[in-house]
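Here is the structure we will look at, set down as structure tokens.
Sequence lines set the chain letters: A, B, ... in the order given, protein chains first and strands last, and positions in each chain run from 1.
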Amino acid sequence: MLKTLHETLNGARHETALRVFMAIVLAHWAEHLLQALQIYVLGWPVPQARGALGYFFPVLVSSELLHYGYALVMLAGLWVLRAGFTGVDDRRWWTIALSIQFFHHVEHFLLQGQYLLGQNLFGRPVPTSIAQLWVPRVELHLFYNTIVFIPMVIAMYFHMFPPAKAGRPACTCAWHRRLSPAVSA
Amino acid sequence: MNGVRIGISLFIVVLIGLSTAGWIWTGAHQSAAQSTASRTVLALGIMTGLVGLRFLWGRRKA
């Protein structure tokens, strides 16, 4: 059953799955971008800058579980949908995004572990990831999200517009295919 | 094709802009050590954005 689901998500439903995945990624980005705007442009104190949803529901920002959940969804999405990227360029960029997200997920796993065990690493007063030993959390997450998102979106672009020489693309995500239905006849 | 490329590019430009604003902000609001670390990752983020734009608009092998 899982194999069938995997095949469907990377075949007939790859486009739909990517749209849903992108919607989740953009919703998450909206929160982080708003938070950065609140701090860097509007001059809000960092603890008060919680994005839009976090402004009304602070637990969304303070909950390590929610952050870990998103990191896990990202990792799973990048892993599960990778098989649908059958070209050279699109698969290479998607794999880069997956690799970076794997490390990002490990960082969140460490944070979540400290929260669950009630024991923080390095004698810190709050759960701390490895990179957080040096880099403040807001900037670190802006960085992580950027370096995962950019290869991911480049992969999606190459997937939507594969090189003409590659022949007729197999995936419905490819715009060439939609624009030239006669080719499939 | 260009519409999609422009949309992605605008988003990347927003990311670069916010990272640049962060670069300025960290210099005034964080300790020297924190600011250096923040600026390092923000600069890497900006560079990733520029590399992304380069691949998005660069000539591709057929």
[X], [atom1]: over 12 other non-hydrogen atoms inside 6.0 angstrom:
X     : atom1 : result
A:R91 : CZ    : yes
B:W57 : CH2   : yes
B:F11 : CZ    : yes

Are [X] and [Y] connected, step by step, through hydrophobic side chains (Ile, Leu, Val, Met, Phe, Trp, Tyr) whose heavy atoms are closer than 4.5 Å?
X     : Y      : answer
A:F57 : A:Y70  : no
A:L65 : A:Y144 : no
A:V61 : A:L140 : no
A:L72 : A:V106 : no
A:L66 : A:F109 : no

### Neighbours of chain B found in residues 114-131 of chain A - heavy atoms under 4.5 Å
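Checking residues 114-131 of chain A against chain B gives no residue, so none.
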### Task
Kindly compute the distance separating CG (B:L53) from CD1 (A:I154), expressed to the nearest 0.5 Å.
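If we round to the nearest 0.5 Å, B:L53:CG and A:I154:CD1 are 7.5 Å apart.
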#### Entry: Distance, nearest 0.5 Å, that separates CG of B:L18 from CD of A:Q35
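That separation rounds to 11.0 Å.
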#### Entry: Between A:V135, A:L142, A:T146, the one whose heavy-atom pairs under 4.5 Å with chain B are most numerous
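Of the options given, most contacts go to A:V135.
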### Task
Could you go through the side chain to side chain contact (heavy atoms under 4.5 Å, CB included) check for A:V138 and B:W25 one step at a time?
CA-CA 12 Å; A:V138 172; B:W25 184 88; over 6 Å; no
### Query
What side-chain hydrogen bond (donor to acceptor under 3.5 Å, both in side chains) pairs are there with at least one residue in residues 33-47 of chain B, not counting sequence neighbours?
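For residues 33-47 of chain B, and leaving out neighbouring residues, the side-chain hydrogen bond (donor to acceptor under 3.5 Å, both in side chains) pairs sorted by first residue read B:Q30-B:S38.
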### Query
Among all residues two or more places apart in sequence or in another chain, which pass the side-chain hydrogen bond (donor to acceptor under 3.5 Å, both in side chains) test with A:H105?
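Scan of A:H105 (side-chain hydrogen bond (donor to acceptor under 3.5 Å, both in side chains), adjacent residues dropped) gives A:Y68.
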Kindly indicate whether the side chain of [X], heavy atoms from C-beta on, has any atom under 4.5 Å from the side chain of [Y].
X      : Y      : answer
B:L44  : A:F143 : yes
A:W29  : B:L15  : yes
A:I150 : B:V51  : no

### Message
Using ring centroids (six-membered ring only for Trp), state whether A:F158 and B:F55 fall under 6.0 Å.
### Response
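They do not qualify: ring centres at least 6.0 Å apart.
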### Task
Determine, step by step, whether B:V41 and A:W134 satisfy the side chain to side chain contact (heavy atoms under 4.5 Å, CB included) criterion, reporting the C-alpha distance in whole Å, the side-chain angles of both residues, the deciding distance to 0.1 Å, and the verdict.
CA-CA 10 Å; B:V41 294; A:W134 299 279; over 6 Å; no
Check residues 38-51 of chain A and write down every donor-acceptor pair under 3.5 Å in which the side-chain atom is one partner and the other belongs to a residue at least two apart or another chain.
{"from": "A:Q38", "atom 1": "OE1", "to": "A:R50", "atom 2": "N", "distance (Å)": "3.2"}
{"from": "A:Q38", "atom 1": "OE1", "to": "A:G51", "atom 2": "N", "distance (Å)": "3.0"}
{"from": "A:Q38", "atom 1": "NE2", "to": "A:G51", "atom 2": "O", "distance (Å)": "3.2"}
{"from": "A:Y40", "atom 1": "OH", "to": "A:E139", "atom 2": "OE2", "distance (Å)": "2.7"}
{"from": "A:R50", "atom 1": "NE", "to": "A:G54", "atom 2": "O", "distance (Å)": "3.1"}
{"from": "A:R50", "atom 1": "NH1", "to": "A:P47", "atom 2": "O", "distance (Å)": "3.4"}

### Most contacts with chain A, counted as non-hydrogen pairs under 4.5 angstrom, among B:I12, B:L42, B:T26, B:V4
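Most pairs with chain A among the choices: B:V4.
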### Task
Check each atom of B:I8 against the heavy atoms of chain A and say whether the ones under 4.5 Å are side chain, backbone, both or neither.
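B:I8 touches chain A through side-chain heavy atoms alone.
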